[in-house]
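Below: one structure, written as structure tokens.
When a ligand or atom number is given, it counts from 1 through the structure's own listing order.
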Amino acid sequence: MEVAQVLHMNGGMGESSYASNSLLQRKVLMLTKPIMEVAVTALFSTGATNFPASLAIADLGCSTGPNTLFAVSEIISIMIDLCKATKQEPPEFQVFLNDLPGNDFNTIFSSFLPGFQEKLRGQIKRKDGAWATLPCFFNGVPGSFYGRLFPRESLHLIHSSYSLHWLSQVPRGLEGNKGNIFMARSSPAEVLRAYYEQFQRDFLTFLECRGQELVVGGRMVLTLVGRRSDDPSSKECCYIWELLANALNEMVSEGLIEEEKLDSFNIPMYNPSPKEVQTEVQKQGSFSVDCLELSEVNWSVVDTEFNPNVASKDGGYSMAKSVRAVAEPLLVDHFGEEILDEVFKRYKAQIADGMSKEKAAFVNVNVVILLKKIA
Ligand SMILES: C[S@@+](CC[C@H](N)C(=O)[O-])C[C@H]1O[C@@H](n2cnc3c(N)ncnc32)[C@H](O)[C@@H]1O
């Protein structure tokens, strides 16, 4: 499977789209606000004497939906407040929205950007006292962030949330991962090693590329789904995929899916620990670590915080839909479209059963890191 060709979140605005099923990711973006504030304030302070007339910011793995412009909106409003407080005119903004080519960029530009641009109207006070629209220029950048995306030293701030745990490819050497679709407690040691080594290669490449694209003093805020434990097969990162594997294994036992088909499917993702992230940053050498934090979000927020009526009706419903919005294109590419509804019906039942037994196991651990370009 060519990950860069196949991977994308479900497009459009329909019932199974990422746009309609990304509340967990939104919660994570909200949790990251304080670090974003630190990053923008630091950028503003160091640039204050020689502040660029135009500030270039990029969101990598922006996807399509209400989350796409969330971080950009935060960055701009923090910057406007800082400029107001110091009586400076805000810079112009150049915004780059990156994702893989299969991402539904059309929906971003036709459905989400116009409302956002409307909000920029009358945001700044000119020297003559009149209110004017904040100059903000948007660009779509299709391509993998495991390669160069921007010219040398052309960006001031990079943001990426819930994207960098996706690997550039399914690691090689997973033949022994039978019955699993990700690292699991029953995975052999060589499978865990292959996943980790792929993460190391990919993350190092990512840092190399961004190291070339950021100006010295530029900042980068990255949030990855990670883990606390030293063990990459611990339940905290593998459980949601174990439940999906259970649903698929049930279908194998009923002859609805071929066993070899299941054995050759693996999710191209890795949930690093903070130490693993930091090790690659130090190895690569272009960045200092300003801040490294862990946060947690329980899948129950999708219902309790955003969607209380659905929760009471149907346990597992929102979570199964969220995972479907993310994983459907990968599953369709490998197994075909016909089995999808059945897979997710069974997955929803697995989640409901798991939640009734141990709600606390449905937690995503987030690794958030703020980096400064030093060399
Ligand atoms: C779960 S979504 C996160 C979207 C958004 N940042 C949010 O917080 O809601 C992950 C996104 O990362 C993108 N992605 C994964 N690998 C990528 C790569 N190598 N280059 C660019 N984007 C990638 C996916 O296509 C997907 O849109």
Side-chain angles (χ1 to χ4, degrees), residues 1-12 16-33 35-36 57-75 95-108 112 139-150 158-170 198-199 201-210 213 220-226 240-241 267-271 295 297 299 301-302 306 319 321-330 333 364 366-368:
M1 182 213 312
E2 268 298 323
V3 172
Q5 302 301 324
V6 176
L7 181 65
H8 60 270
M9 307 298 104
N10 275 347
S16 57
S17 64
Y18 185 74
S20 305
N21 295 286
S22 42
L23 292 171
L24 181 99
Q25 293 86 340
R26 167 157 289 230
K27 178 73 185 173
V28 173
L29 287 164
M30 290 171 173
L31 290 175
T32 317
K33 266 186 188 179
I35 289 203
M36 191 64 101
I57 60 186
D59 195 283
L60 307 184
C62 63
S63 197
T64 303
N67 296 358
T68 296
L69 291 158
F70 190 94
V72 169
S73 161
E74 279 300 305
I75 293 165
V95 176
F96 296 96
L97 300 173
N98 154 260
D99 208 292
L100 290 169
N103 185 51
D104 185 0
F105 283 97
N106 284 340
T107 298
I108 301 180
F112 291 100
N139 307 264
V141 182
S144 171
F145 48 53
Y146 294 124
R148 282 286 301 277
L149 294 166
F150 305 99
I158 293 175
H159 171 262
S160 178
S161 187
Y162 262 45
S163 304
L164 256 169
H165 45 267
W166 287 105
L167 300 170
S168 68
Q169 61 174 72
V170 176
Q198 187 64 48
F199 167 75
R201 278 192 293 277
D202 283 346
F203 195 51
L204 205 64
T205 306
F206 176 86
L207 293 169
E208 286 285 348
C209 295
R210 304 300 83 80
E213 294 163 354
M220 187 150 75
V221 179
L222 310 175
T223 305
L224 297 85
V225 187
I240 65 166
W241 301 120
I267 300 281
M269 181 185 271
Y270 185 79
N271 306 39
S295 69
V297 59
W299 275 94
V301 296
V302 171
F306 296 104
M319 181 175 166
K321 278 181 75 186
S322 302
V323 175
R324 182 169 186 164
V326 169
E328 180 164 319
L330 294 174
D333 180 69
N364 272 15
N366 314 307
V367 176
V368 191

Side-chain donor/acceptor of Ser163 to backbone N/O of Gly61, under 3.5 Å: yes

Pick from Phe145, Trp166, Phe206: the one approaching atom 21 (C) of ligand 1 most closely through a non-hydrogen atom: Phe145

Any donor-acceptor pair under 3.5 Å from Arg210 side chain to Phe145 backbone: yes

His165 and Tyr162 aromatic ring geometry - parallel, tilted or perpendicular at 30°/60° bounds: perpendicular

Donor-acceptor contact below 3.5 Å, side chain Asp99 vs main chain Gly143: no

Region of Leu100 that comes within reach of ligand 1 [heavy atoms, distance under 4.0 Å]: both

Flag for Asp104-Thr107: side-chain donor and acceptor within less than 3.5 Å: yes

Contact (N/O only, under 3.5 Å) between Tyr146 and ligand 1: no

Top protein contact for atom 2 (S) of ligand 1, by heavy-atom distance: Tyr18 OH, 3.6 Å

Atom indices of ligand 1 within 4.0 angstrom of Asn67 heavy atoms, with elements: 7 (C), 9 (O)

Minimum non-hydrogen distance to atom 11 (C) of ligand 1, winning option of Cys62, Ser163, Ser144: Ser163

Taking atom 10 (C) of ligand 1 as the reference point, the nearest protein heavy atom with its distance: Tyr162 O, 3.3 Å

Residue selection (non-hydrogen contact nearest atom 4 (C) of ligand 1) among Pro142, Gly61, Ser160: Gly61

Any Leu60 side-chain heavy atom under 4.5 Å of Phe206 side chain: yes

Distance filter under 4.0 Å to Ser63 heavy atoms, resulting ligand 1 atoms: 4 (C), 27 (O)

Enumerated ligand 1 atoms positioned under 4.0 Å from heavy atoms of Gly143: 20 (N), 21 (C)

Closest approach of any protein heavy atom to atom 8 (O) of ligand 1, naming residue and atom: Ser161 O, 3.4 Å

Protein residue, atom and distance nearest to atom 27 (O) of ligand 1, heavy-atom basis: Asp99 OD2, 2.6 Å

Check: Cys62 main-chain N/O paired with Thr68 side-chain donor or acceptor under 3.5 Å: yes

Exam field: side chain Ser168 to backbone Tyr146, donor-acceptor pair closer than 3.5 Å: no

Within reach of ligand 1, part of Asn98 (heavy-atom separation under 4.0 Å): side chain

Check: Asn366/Ser295 side-chain N/O donor and acceptor closer than 3.5 Å: yes

Between Asp59 and His159: side-chain donor-acceptor atoms closer than 3.5 Å: yes

Test of proximity, Asn103 against ligand 1: N or O pairs below 3.5 Å: no

Shortest protein contact, atom 15 (C) of ligand 1 (heavy atom only): Leu7 CD2, 3.5 Å

